[in-house]
Amino acid sequence: MRRVLLIDLARTSASVAADSARLAKIGHIAELLSRVRPEEAEIAIAYLSGELPQRQIGVGWRTLQDLPEPRQIASASLTRIDDLLSRIKAQSGPGSQAARKELVGELFRSVTRQEQSFLLRLLAGELRQGALNGVMVEAVAKASGTPAAEVRRALTLRGWLPAVGAAALTGGVEALRAFHLEVGRPVSPMLAQSAPNIPAALEKLGGLAALEWKLDGIRVQAHRSGSDVKVFTRTLDEITAQVPELMEAVLALPVDDIVLDGEVIALRPDGRPEPFQVTASRVTSKIDTARLRETTPLSVFFFDALRVGGVDLLDLPDSERHAALARSVPAELITPRLVTSDPDEGMAFFAEVVRRGHEGVVAKSPNTPYAAGRRGAGWVKVKPRHTLDLVVLAAEWGHGRRQGKLSNLHLGARDPQSGDFVMLGKTFKGLTDELLAWQTERFLALADGPSDEWVVRVRPEMVVEVAFDGVQRSPRYPGGMALRFARVLRYRPDKRPEDADTVDSVRELLF
DNA sequence: TTCCGACAGTGGGGTCGCAAT
DNA sequence: ATTGCGACCCCACTATCGGAA
């Protein structure tokens, strides 16, 4: 059988994009995977799910501009492309950006137009074929003749689908079952769905739930084997060196073979949380950590135990994992928690958490095992929600399925002194297709002032009700503040711009 | 037949490190 | 010294498909 080349992936990707049915997408990918050589399976799975074996190679939209003309004959092998991407990633030091650009040029010169299109979307991180990890799990299962649940389980434990998929294709279900939690290698973290309030969250979980403080910090997964500690983020990147406080806390535990899940956060001396920006800055700074921990110390709160004393706990229910956590970690390092089925008790807990300045509450089903991905809504987060009536100052043309529609709105609050509007951020969220069509027409009619290729400025007449999580300090916007996670609730045709909320009322929410 | 869980897509603000200017 | 880019922290919401009910 002919060797699978890059052009075959590009064609498969085009077929996947052309069919909207998920089963058809899975069929196209599985067909290709069944033909790929074992030594190139990992590359094929990575590319077709929008990832690179190198993860990141330091190439973004800017480096991908002004690409050379394609060649006519497709011949590029997956191994050759993979080698080139590794060389691109390896560039560093002075001259590296020019060298990367040169190698990217070499890469694109060596492939056809269809391959260029595929590589461009792949490297830009926008495959837009309607298939990523979720579809690829099913495709791997189909091509390897293994149950999707086994693929999913191995993915949770290994955290990297191309490796799991390659193992399934060569070794079948036995190879999948050989994946275990490995201390020092991060597992895919369990994520939460959301609910508007505590009663809704309790109902989603079937009545009884463990409620925990939701801290606005950085998710951490801590692994300890003997005196060796490693700490990983939600995307499985290692940050051990940036969080010495966490390392020391884990080393002080009485158990030396342990994997914990939790959150690091910078707290003020009075125990209230610093703004998220402070925690994020502290955790990402790699220079002078010793001095930073004096000025901005980190606290850690664990909420789950994946392994204690050499025993894996992932498949146990939450209540048992938490009991194991409580036995091996001192109480002051455990996220405060209340088990209840009483909505009133739950709402009082929520109110108290918010009063203390924290982000909200995560409700957890006591029966749920630790699982990333599709195994139901075991965790549900609840956060308070603010709303404002703001004025649309401009709108940006959308991309992809929003092409040709005005999508992203510039939002302004009224300045009572000047009578002008002060921009507080943008949002594209909460808009239905119907609303997108309507606002495109409406804003083109309101167009006014200097518009460019992307931004259409409009007369400040439309009032829109916006929900958001909070107000943060901004170095970018003129008022010095910006909305966090803004989304549209509805337009307010009954309101005039003079009725919109003022910058002063927004400033009151900034602390 | 209808309902609902899971996915993919569409982008948001902020900060860092690094290389180029 | 400043600016631009890439990467990665945090993330909400809608449309769609297809299995569950």
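Every chain is numbered from 1 and lettered A, B, ... according to where its sequence line falls, protein lines coming before strand lines.
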Encode nucleotides 10-15 of chain B as B, S and - characters from 5' to 3', where the letter depends on protein heavy atoms closer than 4.0 Å: B to the base, S only to sugar-phosphate, - to neither.
BBBSSS
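Between A:L236 and A:P189 there is a side-chain heavy-atom pair separated by less than 4.5 Å. Side-chain contact between A:L424 and A:M481 is present, with at least one heavy-atom pair separated by less than 4.5 Å. Residues A:L483 and A:L390 meet the side-chain proximity criterion, which asks for heavy atoms closer than 4.5 Å. Side-chain contact between A:F350 and A:N197 is absent, with no heavy atoms from C-beta onward closer than 4.5 Å. Counting only heavy atoms from C-beta outward, the side chains of A:Q129 and A:V135 never approach each other to under 4.5 Å.
Under the ring-ring contact (aromatic ring centres under 6.0 Å, His included) criterion, A:H358 pairs with A:W213, not counting sequence neighbours. Partners of A:W397 under the side chain to side chain contact (heavy atoms under 4.5 Å, CB included) rule, at least two apart in sequence or in another chain, are A:L406, A:T440, A:L444, A:W454, A:V456. A search for ring-ring contact (aromatic ring centres under 6.0 Å, His included) contacts involving A:F303 returns A:W379, not counting sequence neighbours. For A:Q54, the side chain to side chain donor-acceptor pair (under 3.5 Å) partners are A:D82, A:S86, not counting sequence neighbours. The salt bridge (charged side-chain N to carboxylate O under 4.0 Å, His left out) test applied to A:D504 returns A:R507, not counting sequence neighbours. Taking A:T233 as the reference, A:T235 meet the side chain to side chain donor-acceptor pair (under 3.5 Å) condition, with sequence neighbours excluded.
Note on A:Q129: only backbone sugar-phosphate atoms sit closer than 4.0 angstrom, heavy atoms only; bases stay farther off. Residue contacts for A:V135: at a heavy-atom cut-off of 4.0 Å it reaches the sugar-phosphate backbone alone, with no base atom in range. Within the 4.0 angstrom heavy-atom criterion, only backbone atoms of the sugar-phosphate kind lie near A:I57; the bases stay farther away. No contact: A:V283 has no heavy atom under 4.0 Å from any strand. Contact annotation for A:T279: no contact, since no heavy-atom pair falls under 4.0 Å across all strands.
In this structure, A:R484 satisfies the cation-pi test against A:F276, with its NZ or CZ atom closer than 6.0 Å to the six-membered ring centre and inside 45 degrees of the ring normal.
Exactly one residue among A:H386, A:R385, A:R487 makes a side-chain hydrogen bond (donor to acceptor under 3.5 Å, both in side chains) with A:D469. That residue is A:R487.
Within residues 235-242 of chain A, the residues having any heavy atom under 4.0 Å from DNA chain C are, by residue number, A:T235, A:D237. Of the residues in residues 17-27 of chain A, those placing a heavy atom less than 4.0 Å from an atom of DNA chain C are A:S20, A:A21, A:R22, A:L23, in numerical order. Near DNA chain C, defined here as any heavy-atom distance below 4.0 Å, there are no residues from residues 85-97 of chain A.
Using modelled atom types and a 3.5 Å distance limit, the side chains of A:R402 and A:S407 yield a donor-acceptor pair. A:T432 and A:E434 form no side-chain donor-acceptor contact under 3.5 Å, judged by distance and modelled atom types alone.
Chain A approaches DNA chain C over the interval C:dC5 to C:dG19, counting the first and last nucleotide 5' to 3' with an atom under 4.0 Å from its heavy atoms.
A:I218 places its CD1 atom 12 Å from the P atom of B:dC16, with the value rounded to the nearest Å. Atom P of nucleotide B:dG5 and atom CD of A:E138 are separated by 17 Å, given to the nearest angstrom.
If A:K204 and A:L127 are placed on DNA chain B by their nearest nucleotide, the residue sitting closer to the 5' end is A:K204. Where A:Q56 and A:L489 each meet DNA chain C at their nearest nucleotide, the meeting point lying more 5' is that of A:Q56.
Phosphate contact (OP1/OP2 of B:dA6, side-chain N/O of A:Q193, threshold under 4.0 Å): present.
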Enumerate donor-acceptor pairs with a distance under 3.5 Å from any side-chain N or O in residues 57-66 of chain A to protein atoms, sequence neighbours excluded.
residue : atom : partner : partner atom : Å
A:R62   : NE   : A:Q65   : OE1          : 3.2

